[in-house]
Undergrad: 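My questions will all concern the structure given below.
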Amino acid sequence: MIEPKWQRIWEKTGLFRAFNPGQEIPPDHPFARRHGLSGRVEAARLPRKYYILDMFPYPSGAGLHVGHPEGYTATDILARYRRARGFHVLHPMGWDAFGLPAEQYALKTRQHPRITTERNIATFRRQIKSLGFSYDWTREVDTTDPGYFRWTQWIFLQIYNAWFNPQTGKAEPIETLPYPPDLRPSADANFDPELEARRRAWRDAHRLAYVAEAPVWWCPALGTVLANEEVVNGRSEIGGHPVVRRPMRQWMLRITAYAERLLKDLDLIDWSPSLKEMQRNWIGRSEGAEVIFPVDDPSLGPEERRLRIFTTRPDTLFGATYMVLAPEHPLLPRITRPEYRARVEAYQAEVQRKSDLERTELAREKTGVFTGAYAINPANGRRIPIWTADYVLMSYGTGAIMAVPAHDTRDLDFAERFGLPIVQVVQPPDGSVPWRGFVGDGIAVNSRNDDLCLDGLSTPMAKQRVIEWLEATGHGRRTVQYKLRDWLFSRQRYWGEPFPIIWRQDARGEWYHEAVPESDLPILPPDLDDYKPTPDGQPPLARATHWVELPDGSRRETNTMPQWAGSCWYYLRYLDPNNAQRFVDPVAERYWMGTDPAEGRTAGVDLYVGGAEHAVLHLLYARFWHKVLYDLGHVSTPEPFHKLVNQGLILGEDGQKMSKSRGNVVNPDEILAQYGADAFRLYEMFMGPLQDTKPWSTKGVEGVYRFLGRVWRLFVDEAAEVEWEQSLALTPTVQQESMLEQIRIHPTIRDVQPAPNQNKALHACIKKVTEDLEGFRFNTAISAMMIFVNQAMDWEIRPAQTLRTFLQLLAPFAPHLAEELWHLWYRSFAPQVQPVPCLTYEPWPDWDENLLMEHTVEIVVQVNGRVRDVIRVPRDADPTALEKAALAAEKVQPFLAGKTVRKVIVVPGKVVNIAVG
RNA sequence: GCGCGCGUGGCGGAAUCGGUAGACGCGCCAGACUUAGGAUCUGGUUCCGCAAGGAGUGGAGGUUCGAGUCCUCCCGCGCGCACCA
């Protein structure tokens, strides 16, 4: 009854609205009153902003589970706290609503995914609203709304129309792309379609969004390709269907160009070390060298003879006793000797047949075949055999390696299996460690030729030396490799953003792609009555021939964007969600994403909270898009999310992961119906540290529910309440809410000066709650409030001001109850104050350290480090007096008897330790 | 295999700077009120012991007057990556 009442009042007054610079602020809005603002206020006069963001949910048909509100509650508490602290808080919510489940449902029912999506959003919105979160609902976004994805498409065009300039290390408009001499149009020449086509090919090869015929993960069951990241152990991450590798024409985004900046800029942001580490691992930077091994076969052309490999251990070059090419390596057919061709081709076929699961099986024995060819080790001139084996991956480095079996476990396995030579070139620093298979740093040995000697050098020095030699002799150079691959950006789905791209035929009949004009955005998906891919494997959009085929003979792109697209920039749309002219107004963007230099922080979202499952993909993709937008001048900060916190998983009561099949799923609606939103919120925070994985306990909800009951009884006259409840039972439901006005305050609450112990209890609570909120320690903040209430219940007279302040502390956690009691308080102690000050915008209380000081303090007296007694001494007792008092303490006497005091350590205010012997 | 994190009562967890281990809550035990209690309130609750006292933060060492906290090794659990040359 209390909760819907306040949710309605908050909504009606637009209490949690955030105002953009220049936006009209109603003069009677509590935010305007608190900060003395009215009318249109420019950015400089607005209070300091605080942008607090939740990862927006995918609105699934199953509705909210208890894991969602954990993060949302944490951010809501902090949003309310920041408002009380005087910040201008932006706290929005929206829907990541494109995605496969709605589409698969549509496949079954032939119902437009829009319909399920809208229904699911309505459920999520209702559930989230019932928890009393302080979102600014006027900023709600939905990635499937044409007014939203119009700008997703627009951003794609920005990426499409840009190239990465390695000189500046930035994205630049494609118009600035330089052309090689033979592609520069000469001033006098006429239009040359041949040249134009080649120029176009050059451009298209440099765009940040490009088309490539790439081997991709195709999932027959889902009828779509998946990104590398969406494939787990040879199965689709969603649904666990088998996937196969197959070459297809796909849109790619050149995220690899940003590898270095994505890595380096991690230093600018405040994320947990483990999360940064995951991003670093994913980007996978490794320094090393590219080395060219000549193939010993005069029949090959000069380029074909140059076998490039990447190694992080160039210092082991002298130990390279054979080479391995990936089975897909383009040079493999060229270098294979005729007499080995049959075997190599058989092996290639075998590898292709293998599922990825088999291929990545770690324990499996290595396979491979000899090609009959030899290369020359440039360091020592030795002829070494060239093999092909699937333990070398085409997708990393150059797809070829030099094998140093003595100092690489994989090469060692292989060499032992096939009887290849093993030559030591590194001496382990610890003599007792065998050199065979030693992969750590050591001292180079057996590594010299006529003009290079590594012997005696430590591994880092040897690397340095050998690279210098490679560069001087033209055998290779220093390089950096990344594990990160370009982002496979197209999907063969219906329920996603269509690409704003059309395909045209040039004079020679070749198809090429072109951006649609911005004025044509949004490109809406066509209506279909069948959402399946076409029988010949075309995406579902290809079914809509009237949509695909344009009057001028051009054709629309029929792929759609992956679900990540909409979530890559939603945090920007919240800043200005209804802008039809731009994806975000630059003034609003600078205000909400920027920060004043005094704060000395990197700008961006101040706090972003969400699950760790997005630690790599979403966060990496969003950072990438943000950097492109930054380079092109559309946003003002290099990084989108300044501080990021991952909430932990909530397990079922049995300590297992919640799942339908285990039957341990907790439905928030049920908890809410029984204990209410305040108890639910409080329990979610009381369970344990936000970041930890922890099991749900409905008994635990009862615990915090009892606490809220004690808070109620702290304020409310119980004797009168019995009567009130009786008359409530006789009142029609519709009028019951107004009966709340007749609740009477507890008679022991008086407007009197608090006693020292009462002040101390309150101020200790203010201090603890404030500090814990700053440190995201919600569980201990709640515990501090419990301690306060337990104490206050014992007071014969409860000072009104003390309890009023306590309500402010409680408000972020249990806002409904706090509001109700706040109004009860004002009715009882300040009925003349009208309107009642707004609890949300009431300044957060400070604590007075002086009130926490005790005149006497407890000092622990230890003997040989063991606690023997506790003495009370004046707070400012000097060390000598302390020592004297400690030695005289009653309970320590038996432990001193007959022993010599050797040393006394005095820690003022804390402890005295007497060492005896 | 590699990387990161974590091991504290019957349970969730506290101990923020190396200074009284177990705050707060759940559960349990005893009591009060009550026709009743799955409401509320009071007291107790790490283990051994009647007590004095002893033991105790995964295990073994170490540093220190003093270690849950710092260091070394080991064991266990969780997460991430996984033939990335």
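Heavy atoms only: backbone and side chains are in, while hydrogens, waters and symmetry mates are out.
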Undergrad: What is the pairing partner of B:C73, taking Watson-Crick or G-U wobble pairs with both distances under 3.5 Å in any strand?
TA: B:G59
Undergrad: With sugar-phosphate meaning primed atoms plus P, OP1 and OP2, does A:Arg902 contact a base, only sugar-phosphate, or nothing at under 4.0 Å between heavy atoms?
TA: nothing
Undergrad: Have a look at A:Val907 and say if it touches a base, only the backbone sugar-phosphate, or nothing, with a 4.0 Å heavy-atom cut-off.
TA: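 Since a base atom lies under 4.0 Å of A:Val907, the category is base.
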Undergrad: In whole Å, what separates the P atom of B:C73 from that of B:G3?
TA: 12 Å
Undergrad: Please determine, for the side chain of A:Lys910, which listed nucleotide (B:G12, B:G19, B:U42) has the closest atom?
TA: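 For A:Lys910, the side-chain atoms sit closest to B:G19.
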Undergrad: In Watson-Crick or G-U wobble terms, both distances under 3.5 Å, what is the partner of B:G43?
TA: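 Partner of B:G43: B:C29.
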Undergrad: When you measure from the side chain of A:Met786, which nucleotide among B:G19, B:A85, B:C24 comes out closest?
TA: B:C24
Undergrad: What are the two closest non-hydrogen atoms of A:Ala761 and A:Gln791, and how far apart are they?
TA: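 Nearest heavy atoms, A:Ala761 then A:Gln791: CB-OE1, 3.0 Å.
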Undergrad: For A:Asn864 and B:C65, is the shortest distance between a side-chain N/O and OP1 or OP2 below 4.0 Å?
TA: no
Undergrad: Check A:Asp390 against A:Leu393 and note the closest heavy-atom contact, atom names and distance.
TA: O-CD2, 4.2 Å
Undergrad: For B:G13, take OP1 and OP2 only and decide whether either is under 4.0 Å from a side-chain N or O of A:Arg777.
TA: no
Undergrad: Heavy atoms from C-beta onward define the side chain here; which of B:G13, B:C81, B:C41 lies closest to that of A:Arg713?
TA: B:C41
Undergrad: Does the pair A:Glu277/A:Arg280 count as a salt bridge with the N-to-O cut at 4.0 Å?
TA: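 A salt bridge links A:Glu277 with A:Arg280.
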Undergrad: Suppose we define a pair by two distances each less than 3.5 Å, Watson-Crick or G-U wobble; what does B:G9 pair with here?
TA: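 None - no nucleotide pairs with B:G9, as no candidate has both distances under 3.5 Å.
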Undergrad: Could you measure between the two C1' atoms, the one in B:U20 and the one in B:A14, and give it in whole Å?
TA: 15 Å
Undergrad: Could you give the distance separating B:C47 and B:U64 at their C1' atoms, to the nearest angstrom?
TA: 28 Å
Undergrad: Distance check, C1' atoms only: B:G13 and B:G68, in whole angstrom units.
TA: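 Each nucleotide's C1' atom is 14 Å from the other's.
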Undergrad: At under 4.0 Å, does any side-chain N or O of A:Arg706 touch on OP1 or OP2 of B:G27?
TA: yes
Undergrad: Which one, B:A85, B:C81, B:G13, comes nearest to the side chain of A:Lys483?
TA: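 Nearest to the side chain of A:Lys483 among the choices is B:C81.
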Undergrad: Counting any heavy atom closer than 4.0 Å, what does A:Ser395 reach on the DNA or RNA strands: base, sugar-phosphate only, or nothing?
TA: nothing
Undergrad: Which nucleotide in the set B:G13, B:C24, B:G54 lies at the smallest distance from any side-chain heavy atom of A:Ile787?
TA: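 Selected nucleotide: B:C24.
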Undergrad: Do you know which two heavy atoms are closest between A:Met278 and A:Ala615, and how far apart they sit?
TA: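 So the two residues come closest at CE-CB, 3.5 Å.
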Undergrad: Counting heavy atoms from C-beta on, name the nucleotide in B:G12, B:C83, B:U42 closest to the side chain of A:Tyr391.
TA: B:C83
Undergrad: Could you state the atom-to-atom distance from OH of A:Tyr705 to P of B:A39 in whole Å?
TA: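 It works out to 11 Å between those atoms.
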Undergrad: Pick base, sugar-phosphate or nothing for A:Glu858, based on heavy-atom distances below 4.0 Å to the nucleic acid.
TA: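 Base, at least one base heavy atom under 4.0 Å.
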Undergrad: I want to verify a distance call: between B:C65, B:G27, B:G80, whose nearest atom is closest to the A:Met278 side chain?
TA: B:G80
Undergrad: Mind checking if A:Thr409 touches a base, just sugar-phosphate, or nothing, with heavy atoms under 4.0 Å?
TA: nothing
Undergrad: Does the plane of the ring in A:Phe414 sit parallel, tilted or perpendicular to the ring in A:Phe418? Use 30° and 60° as the thresholds.
TA: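 Rings of A:Phe414 and A:Phe418: tilted, 30 to 60°.
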Undergrad: Among B:A85, B:C81, B:A14, which nucleotide has an atom closest to any side-chain atom of A:Pro689?
TA: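 From the listed options, B:A14 comes nearest.
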Undergrad: With a non-hydrogen cut-off below 4.0 angstrom, is A:Asn913 in contact with a base, only sugar-phosphate, or nothing?
TA: base
Undergrad: Looking at A:Trp387, does the NZ or CZ of A:Arg417 lie under 6.0 angstrom from its six-membered ring centre and within 45 degrees of the ring axis?
TA: no
Undergrad: Is it the case that B:G19 (base atoms only) and A:Gln862 (side chain only) share a donor and an acceptor within less than 3.5 Å, ignoring hydrogens and angles?
TA: yes
Undergrad: As a test of reading the structure: which of B:U40, B:C24, B:C83 is closest to the side chain of A:Lys366, going by heavy atoms?
TA: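 Per side-chain heavy atoms of A:Lys366, the pick is B:C83.
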Undergrad: Across all strands shown, which nucleotide pairs with B:C2 by Watson-Crick or G-U wobble geometry, both distances under 3.5 Å?
TA: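 Base partner found: B:G80.
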Undergrad: Answer whether the closest heavy-atom distance between the side chains of A:Phe806 and A:Val711 falls below 4.5 Å.
TA: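 When only atoms from C-beta onward are counted, A:Val711 and A:Phe806 do touch, with a gap below 4.5 Å.
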Undergrad: Between B:C65, B:G54, B:G25, spot the one nearest the side chain of A:Arg868, thanks.
TA: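 Among the listed nucleotides, the one closest to the side chain of A:Arg868 is B:G54.
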Undergrad: Any salt bridge between A:Glu260 and A:Arg285, counting N to O under 4.0 Å?
TA: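 Yes, A:Glu260 and A:Arg285 are salt-bridged.
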Undergrad: Whole Å only: how far is the CZ atom of A:Phe895 from the C1' atom of B:C65?
TA: 17 Å
Undergrad: Please state the P separation for the pair B:G43 and B:G58 - nearest whole angstrom.
TA: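 Going atom to atom, P in each nucleotide, I get 32 Å.
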Undergrad: Counting only Watson-Crick pairs (N1-N3 plus N6-O4 or O6-N4) and G-U wobbles (N1-O2, O6-N3), all under 3.5 Å, who is the partner of B:A14?
TA: none
Undergrad: Identify whether any heavy atom of A:Asn790 sits under 4.0 Å from a base atom; if not, whether one sits that close to sugar-phosphate; answer base, sugar-phosphate or nothing.
TA: sugar-phosphate
Undergrad: On RNA chain B, nearest-nucleotide positions of A:Ser697 versus A:Arg866: which is more 5'?
TA: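 In this pair, the answer is A:Ser697.
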Undergrad: So, does A:Ser274 get its side chain near the phosphate of B:G80, meaning an N or O under 4.0 Å from OP1 or OP2?
TA: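 For B:G80, OP1/OP2 do not have a side-chain N/O of A:Ser274 under 4.0 Å.
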Undergrad: Under 4.0 Å, counting only non-hydrogen atoms across every strand here, what does A:Arg710 touch: a base, just sugar-phosphate, or nothing?
TA: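 Touches sugar-phosphate only.
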